[in-house]
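A short worksheet on the structure shown next.
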Amino acid sequence: MQKKIKRKMRPVIVRFAPSPTGPLHIGGVRTALYNYLFAKQHKGKMILRIEDTDSTRFVPGAEQYIIEAFEWLGIEFDEGVHIPNNQGISYRQSERKSIYKQYADELLAKGMAYIAFDTPEEIEAKRKEIQNFQYDASTRIQMKNTLTLTEEEVKTRMAKGEQYVIRIRIEPGEIIKVHDLICGEVEVNTSVLDDKVLWKSADQLPTYHLANIVDDHLMEISHVIRGSEWLPSAPLHVLLYRYLGWEDTMPQFAHLPLLLKPEGNGKLSKRDGDRLGFPVFPLEWRSPDSNEIAMGYREKGYFPQALINFLALLGWNPGTEQELFSMEELISAFSLDRVSKSGAKFDFEKAKWFNHKYLQLIPVSELADKFILVLKGKGVETEKSYVEKVIELIKERATFVEDFWEASAFFFVRPQTYDESVVKKRWKDNTPQHLQAIGNILKTFTPFRPEEAHNAVMQYISEKELNTGQIMNCLRLSLVGYAKGPDLFAIIEMIGVNETLERIQLAINNIKI
RNA sequence: GGUCAGUUCGUCUAGGGGUUAGGACACAAGGUUUUCAUCCUUGCAACAGGGGUUCGAUUCCCCUACUGACUACCA
C-alpha cells in the first residue's frame, strides 16, 4: 500500500529517447508530443536523452536535427543533451558509459546474468543449424559462457582479452505481467524470452535494454510513453527492474499505437513519403553519405501548430467534437486513456486541411514576411502593407504560403497569357468596345470607390442589356488572365485604375478570336 | 514459424447490451457569387466472419480470418 501511494505521488518525469541514427520520424514526433502533453498537464518534467549505445549506427548531424525539429515544433524539454546543467549530468548514453557496467556486474554477482564468449559468427552458425534458434535457457548450455565453461577456461579467455558480452539470465516458466496504461494487462511467459545481451566488452557499452532501464531509474522516470514496437520487450524490462531491485519505483508503461502507411499495410516509412509525395520528417534531411534529400514538413510550408494539431488527433481524441486545438488546449485535454489501441493510417489530406485552417488564423503580418521572400524570388519588390492586403484577399483559398503566388501573381505582374477556354467561351466581337466603355466609367471614380464603381458597371450592363457573366469574366480575363481570383473591384482597387485601363487595352490588343 | 497486440464509413474516430451507430477529412450534388475558391445545405458510406451468453449483441466471452509489431552484440 505504502509503495502504491508512493508511486502515485511521484512527480511526473517523462523522457523522449531517440537514437541518433537519422532524421526524426514523424511517428517519433507524435511520441514526443504525447510525452510532452502528458508532462505539461501533470506539471512534470520532460527529458531529451540520446540513446547512442550503438556506435556503428551513429549518423552525424542527427542529434542536431532532432533538437532543431523540436525547437521548430514548439516542444520544449526541461532537461536534455541540449540544455546546460550544473550538476554535470550527461544525457547522452555514450557519455554515461561508466555508469552502466556496475549494474551489469551487479547482475553477474547475483547470478542473474552471465558472461558469454560466443562470437557473432558462432551464433549465426547456430541459427542456421537450429531452426528458430534463440539464446535462452534451453540453448545456453550448448554455448560458450560462464554457465558452461570452467572457471579456468573463463580466466584464460579473459586473460587473452577475448571479447565477450553479458547476457541476462532468464529462467523459463514464469508469467510476467506488464500493466500498460493503453493496452491494459499484458502477460508473457518468460519461456519465450531470450537471454538478451545487456553489455558488450568490445565497445564497453550497454545495449539499449540495460541502458534504458538504468537511465530511466536514475532519472526517476515516472512514465515511459513510447511506440508499441517496444511492447514485446516490456516484459524483459520489467524483469530487469526486478533483478536490479527497482520494481517499487518502476515507471508506468504506455505503448502508443503505430502510424501506418496511408494505403496498404505496414508502418509508415520514409519510402511511403517519397512514393506518395508527402514528408515523413518534420524538417528536411540531407543524408550525409548519399547526399539524398528527404523532404520535411517545415520546408513544405506546414505550420508547426498545424502539424502538432494533426498529429495529436492521430491516435488520440478528446471525446468531444473539437478538432482545432492550441498547444495549451491539448495540454489540458490530453489523456492517455483516450489514446486508441489500434494503429492509425496516415491521412495526408487531413494534414493539409489542418494547415489550411491554421493559415486562416496566422497573423497576416507573419504570412506577409514569408510571402515577401517568395516574391523576391520572383523579382517582385513591393511594400509590405500591399502584400498584406493581397494576402487578406486570397488566403482563404490557400493551404500553404507557397500557394499565394499562383493565387495572386496578377496583383504584382500583368497577365502574360489569357486562358484559352475563357476566351473561347466569353470573348465576343463587341467585347473590346464594352471594356473600353467600362474603362471610361472606372476612370470617373477618383479616388477609386469599389462599391460605387461596381454599381455603375452593373448599371451599364443592364442598360446595354448585356450578360453580366460574360462582361465580368472578360474584364477579369483582362486583369487576371484567368477566370479566377477575388472580387474584381477589390482587384481594381489594389492595382489602381490606370493599371486596369492599361491591362484592358493590352487584352484588347492581344486577344484574337 | 513463435510471442504479443489490434480490427466501427475510403481515412481519422465517437459510442457501447435496446441508438435513425454520431462527428471530421475526402468524395458527390445543390445553393451563394462576376469567376475560381471559400462558405452554407444535403448526400454517400462502417460495427471482419462464425459460434456462444442474453428477451436482445456492434458492444461481453470463445474460435477463425486478416493486419501489424517483435523475434540482433539495432534502437
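Convention: sequence-line order gives letters A, B, ...; per-chain numbering from 1. What you are looking at is a predicted structure, and each value in this text was computed from that prediction instead of being measured.
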Margin query: Any strand counts, and the cut-off is 3.5 Å on both contacts for Watson-Crick or G-U wobble. Which nucleotide pairs with rU20(B)?
Written below: none
Next item on the list: Assess whether atom NZ of Lys300(A) is packed by more than 12 heavy atoms of other residues, nucleotides or ligands within 6.0 Å.
Entry: no
Check: Touch check for Asp203(A), heavy atoms < 4.0 angstrom, all strands: base, sugar-phosphate only, or nothing?
Finding: nothing
Checklist line | Complementary nucleotide of rA69(B), counting Watson-Crick and G-U pairs under 3.5 Å | finding: rU3(B)
Item checked: Any-strand Watson-Crick or G-U partner of rU35(B), both distances under 3.5 Å -> none
Check: Looking across every strand, which nucleic acid part, if any, lies under 4.0 Å from Ser201(A) by heavy atom: base, sugar-phosphate, or nothing?
Finding: nothing
Next item on the list: Tell me what Trp199(A) touches on the nucleic acid: a base, only sugar-phosphate, or nothing, going by heavy atoms under 4.0 Å.
Entry: nothing
Margin query: Between P on rU3(B) and CD on Glu187(A), what's the gap in Å once rounded to a whole number?
Written below: 15 Å
Margin query: Is there a side-chain contact between Arg397(A) and the phosphate of rU33(B), meaning an N or O under 4.0 Å from OP1 or OP2?
Written below: no
Item checked: Length of the line joining Asp52(A):CG and rC74(B):C1', which is rounded to integer Å -> 13 Å
Margin query: Which is more 5' along RNA chain B, the nucleotide nearest Glu185(A) or the one nearest Glu321(A)? Just name the residue.
Written below: Glu185(A)
Note to self: Nearest heavy atom decides the nucleotide; on that basis, is Asn189(A) or Val165(A) closer to the 5' end of RNA chain B?
What the structure shows: Asn189(A)
Check: If only side-chain N and O atoms of Lys341(A) are considered, is one of them under 4.0 Å from the OP1 or OP2 phosphate oxygen of rG6(B)?
Finding: yes
Next item on the list: Verify the neighbour count for atom OH of Tyr91(A): are there more than 12 heavy atoms of other residues, nucleotides or ligands below 6.0 Å?
Entry: yes
Notebook entry, point to check: So, Arg92(A) and Glu51(A), do they make that salt bridge, N to O below 4.0 Å?
Noted result: no
Margin query: If you only use heavy atoms from C-beta on, which nucleotide in rA75(B), rC12(B), rC73(B) is closest to the side chain of Thr53(A)?
Written below: rA75(B)
Next item on the list: Calculate the interatomic distance between Leu236(A) atom CG and rU3(B) atom C1'; express it in whole Å.
Entry: 14 Å
Next item on the list: Could you work out which one of rU11(B), rA69(B), rA75(B) sits closest to the side chain of Lys345(A)?
Entry: rU11(B)
Margin query: Taking the six-membered ring for Trp, are Phe334(A) and Tyr34(A) closer than 6.0 Å centroid to centroid?
Written below: yes
Note to self: For a quick check of understanding: with a heavy-atom distance under 4.0 Å over all strands, which category does Leu258(A) fall into, base, sugar-phosphate or nothing?
What the structure shows: sugar-phosphate
Checklist line | Options rU11(B), rC73(B), rU38(B), nucleotide nearest the side-chain atoms of Asp347(A) | finding: rU11(B)
Notebook entry, point to check: Can you tell me if the side-chain N/O atoms of Arg57(A) get under 4.0 Å from OP1 or OP2 in rA75(B)?
Noted result: no
Notebook entry, point to check: Should we count CD of Glu420(A) as having more than 12 external heavy atoms under 6.0 Å?
Noted result: no
Next item on the list: With the side chain of Trp353(A) defined as its heavy atoms from C-beta on, choose the nearest nucleotide among rC25(B), rC73(B), rA69(B).
Entry: rC25(B)
Margin query: Checking contacts here: which listed nucleotide (rG6(B), rU38(B), rU13(B)) is nearest the side-chain heavy atoms of Ser340(A)?
Written below: rU13(B)
Next item on the list: Describe the nucleic acid contact of Asn317(A) in one word from base, sugar-phosphate, nothing, applying a heavy-atom distance below 4.0 Å.
Entry: sugar-phosphate
